[in-house]
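Quick notes on the structure that follows.
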Amino acid sequence: MSSHDEFDAFEGAARASLSSRAMAARPAPYLDDLNPAQREAVEALEGPVLMLAGAGTGKTKALTSRIVHLLNTGKAQPNEILAVTFTNKAAREMKNRVGRMLGHAAEGMPWLGTFHAICVKLLRRHAELVGLKSNFTILDTDDQIRLLKQLIAANNIDEKRWPARMIAGIIDGWKNRAWTPEQVPASEASAYNNRGTEIYDQYQRRLRDLNATDFGDLLLHMVTIFQKHEDVLAQYQRWFRYIMVDEYQDTNVAQYLWLRLLAGGHRNICCVGDDDQSIYGWRGAEVGNILRFEKDFPGAKVVRLEQNYRSTPHILAAASGVIRGNEGRLGKELWTDAEEGEKVRLIGHWDGDEEARWVGEEVEALQRGTRGIRPLSLDAMAILVRASHQMRAFEDRFLTIGLPYRVIGGPRFYERLEIRDAMAYFRVVTSPEDDLAFERIVNTPKRGLGDKAQQNIQVTARQHGVSLLEGARILLAEGGISGKGAGQLRALVEGIDRWHAVARWHGVAPAEDADAVIEEGPTPPKGLVSHVELAQVILDESGYTEMWQNDKTPEAPGRLENLKELVKALESFENLQGFLEHVSLIMDNETENSEEKVSIMTLHAAKGLEFPAVFLPGWEDGLFPSQRSMDESGLKGLEEERRLAYVGITRAEEVCTISFAGNRRVFGQWQSALPSRFIDELPEEHVEVLTPPGLYGGGYGAAGMQSQLHDKASRADVYNSPGWKRMQERQTHRPMAQPQEVRNQVIDASAISAYTVGERVFHQKFGYGCITAIEGDKLDIAFEKAGPKKVVAKFIMSADDVPF
DNA sequence: CCATCCAGTGTTTTT
DNA sequence: CACTGGATGG
């Protein structure tokens, strides 16, 4: 069943290409569009090439031109080119651009895609070599965790000490390094008393039994196959005449091996990357891969793209200043012809809420065009945060002021509870042996099938060596289940049978009996012709829709809405199975909403994007650079954080605004922080320090920004102010020095007793006042100007401590 | 079997 | 604080 078309097409095309190869190359106008470095990279078609492409240097342009050039010179047919990206977005864009350059759609590029998508295609063809059937399912993280939990329980391991999440992380790490259970080095294995490898081994067996893979397996299995089956490898080495890789700095060991194996014959491999933008070390990416390229492929041509077409000189200079702090770089210096533009703007705030408030106002100001540059559309602006929890403050604020925003890469559509439940139903219906899916839905909605009943099913299934669904059937037949749940279970099983029959009628039956089914499959019920309708029926008849209709919680309507969307999304697919495949790999939720919106996303999600105006909030030590990253990976971690800063700044075309807050709510507790060390690394001649607005509003409180309160000029040169110097002193020598203590006194709950009724205090907004009552951290204060108010202690300070 | 309450725990980053 | 998992009682 699975398509040989890409290859058959290849065979035919290959013959055709022989003749076209003999032809003289057609004129190539696209070459004139390139700068010398780009052109060099595009024209170096044979042999290994490393394209070191800095941010905004036209790397995608070069890459797509290269593909077009390969086609145009007749060196390769579309299906002879293997072009790998990391994200679906990147793959899509490349496809579009190639299509545009060719003047027609680039459907002929079946091997342009993500590592994972390409590996799935290959693995479906060779699944049997690793003990799978070609219709294997791909588990997501959620299933993975549940599977591991079962194994942990079965092994009597204390889940407190070894949480499933952690084990999953360890196993993922091993897979990223292309280690099968047997290949995990003893030194690694012993770190977990060899229990880890034991679980890993069991986990892999279980996956095989379930005819399933996880994400890491897709690559691992292919590497295994290539290593063990020379003939298969040789076949692909021949098929893929030219290989191109985007974001090479993000490849992990498994991906690296995969590439090296495939390129092993002709070595026509072109890797594009930027060591300064390597930000995925935490998930196994090895910067070493790119740093080592010339050793791996001796004689490789190295081309540097250094002319930046994106950002203004100030922004570039700021970014360069930061990244300069890293060691062991391949070395690139970006330059640009662009006009000077605005300096990078820096501003400190009292706390995170105020930062969000200020950013909201700035966004509106930029939109109105009152910030010195032309009015910008909301689409032209982005807020890039280090960690997703930072998004909340902005969402809250934007909601209250009615500023439209979109969160990119947030909690994804397909990861929502109701969507995953619905998907589990679809999975059971398309592949009845999918035990994980069955488990998920058997008692959702509640069918009176609790732990005991489910265990019963498990045991029966295991005894008979069949799937859970079959186990349930047997259990029912044997009468091994008592009254109440029995009826419901029977209804469910019958329902699945019914739906499955229809699904098979749609042509999604497992390969073995596909023919039989098409011949003599049951006639679908009247009116039930499309898989879209089938999906709706499944959700309705199973009681799942009803479950949410009866749910009175505020999120229930939204969930029903999402389910509707899900069913609608099915329209663009042939059948349920096609849809499931799509979802497991293409988890992006690009709701192409045309309304103008500000984008909010993590720095990681922003890689590869660009915006005229970029906000980089939360530059505080511990948050960015993240404490955890530094604790876990030390200097390496810090350097990765610094690269993240570099990525962030280089997203900006015209306006780049960095901000930090003195106080932030963490775990519901107020914590104070110092400005990020990366702020110190910004070259001051390229930075303009802004004064926070408001009477005494914001500022970095008692520390550096204080000087600006004295200097009423709105563009105080903070770098040369005593306040800034002092702050730097403190940062390097005594991180929690005096001004910090002052603040802690105010924040720290234990220090609240520092206030007494009658004491004169100061508040950011309300000014001076007297405390009239104290309850917990809430103070009643009679303000001199604003009158009596109830205020949380953190917002006030003793009048004696007011620094001006 | 299910709903509810409590305690403990965790926040990077994701194909 | 917000979410989860476990314990408890109906």
Side-chain angles (χ1 to χ4, degrees), chain A residues 84-91 113-120 138-141 144-145 149 153 159-160 163-166 168-169 172-173 175-176 213-220 246-247 250-252 254-255 278-285 384-393 396 408-412 414-415 417 443-455 482-485 488 583-589 601-608 618 622-633 637 640-641 643-645 647-648 664-671:
Chain A
V84 207
T85 64
F86 272 83
T87 64
N88 297 297
K89 206 166 50 185
T114 63
F115 275 102
H116 298 275
I118 289 171
C119 279
V120 172
I138 304 161
L139 302 189
D140 57 36
T141 330
Q144 208 182 335
I145 299 289
K149 278 194 174 156
E159 237 221 277
K160 290 266 166 58
R165 270 184 53 97
M166 184 190 183
D172 265 355
K175 287 186 176 179
N176 285 339
T213 69
D214 62 19
F215 261 97
D217 275 344
L218 297 175
L219 271 146
L220 179 60
D246 194 14
E247 308 280 16
D250 288 334
T251 49
N252 61 34
Q255 289 159 336
S278 160
I279 54 175
Y280 285 106
W282 51 273
R283 70 170 202 217
L384 312 183
V385 297
R386 173 65 245 269
S388 47
H389 67 254
Q390 289 173 263
M391 293 180 180
R392 185 191 216 116
D396 284 352
I408 301 209
R412 277 166 300 204
Y414 294 117
E415 278 171 8
L417 177 78
N443 200 29
T444 311
K446 298 271 180 286
R447 295 193 174 88
L449 299 164
D451 284 352
K452 229 182 93 201
Q454 291 190 39
Q455 248 172 8
S482 50
K484 197 164 172 222
Q488 299 244 48
V583 168
S584 56
L585 284 175
I586 319 211
M587 298 273 274
D588 60 3
N589 178 28
M601 69 189 94
T602 63
L603 286 162
H604 285 87
K607 194 163 75 157
L623 180 60
F624 187 40
S626 128
Q627 193 57 51
R628 185 162 163 192
S629 150
M630 293 187 294
D631 289 348
E632 281 173 8
S633 318
E640 183 152 314
E641 296 287 305
R643 290 192 291 267
L644 214 37
V647 168
R664 212 172 271 283
R665 232 191 155 99
V666 183
F667 293 144
Q669 207 94 64
W670 282 93
Q671 289 197 312

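Below, chain A is the first sequence line, B the second, and so on; all start at residue 1. As the structure is a computational prediction, the values presented were derived from the model and not from experiment.
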What is the distance, to the nearest angstrom, from the [atom1] atom on [X] to the [atom2] atom on [N]?
| X | N | atom1 | atom2 | answer |
| --- | --- | --- | --- | --- |
| R165(A) | dC3(C) | CZ | C1' | 12 Å |
| L139(A) | dT15(B) | CG | C1' | 15 Å |
| W282(A) | dT15(B) | CH2 | C1' | 9 Å |
| D246(A) | dT15(B) | CG | P | 15 Å |
| M166(A) | dT9(B) | CE | C1' | 15 Å |
| K89(A) | dT15(B) | NZ | P | 9 Å |
| Q454(A) | dC1(B) | CD | C1' | 11 Å |
| I145(A) | dC3(C) | CD1 | C1' | 15 Å |

Under 4.0 Å: is that the gap between some side-chain N or O of [X] and OP1 or OP2 of [N]?
| X | N | result |
| --- | --- | --- |
| T602(A) | dT14(B) | yes |
| K149(A) | dG5(C) | yes |
| R392(A) | dA2(C) | yes |

Side chain of [X]: nearest nucleotide among [options]?
| X | options | answer |
| --- | --- | --- |
| K446(A) | dC2(B), dT15(B), dT14(B) | dC2(B) |
| R665(A) | dT15(B), dC1(C), dT14(B) | dC1(C) |
| K452(A) | dT15(B), dT14(B), dC1(B) | dC1(B) |

Let me know, please, whether D172(A) or R447(A) comes out on the 5' side of the other along DNA chain B by nearest nucleotide. R447(A)

Which residue lies more 5' along DNA chain B, comparing T85(A) with N443(A) via nearest heavy atoms: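 In this pair, the answer is N443(A).
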
Taking the side chain from N443(A) and the backbone from K446(A), do they hold a donor-acceptor pair closer than 3.5 Å?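 Not at all, since once roles are kept as given, no pair shorter than 3.5 Å links the two residues.
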
Contact class for A453(A) (heavy atom, under 4.0 Å): base, sugar-phosphate, or nothing?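 Here A453(A) touches the backbone only, sparing every base.
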
Determine the interplanar angle of the H604(A) and Y280(A) rings, folded into 0 to 90°, and report it as parallel if under 30°, tilted if 30 to 60°, perpendicular if over 60°. tilted

Would you say the base of dT15(B) stacks on F215(A) (centre-to-centre below 5.5 Å, plane angle below 30°)? yes

Assess whether a salt bridge exists between R283(A) and D172(A), defined as any Lys/Arg side-chain N lying under 4.0 Å from an Asp/Glu carboxylate O.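 Between D172(A) and R283(A) there is no salt bridge, as every charged N stays at least 4.0 Å from the carboxylate O atoms.
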
Report yes if the side chains of L623(A) and R664(A) come closer than 4.5 Å at any heavy-atom pair, otherwise no.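 Yes - at least one pair of side-chain heavy atoms lies under 4.5 Å apart.
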
Less than 4.5 Å apart, any side-chain heavy atom of I279(A) and any of V647(A)? yes

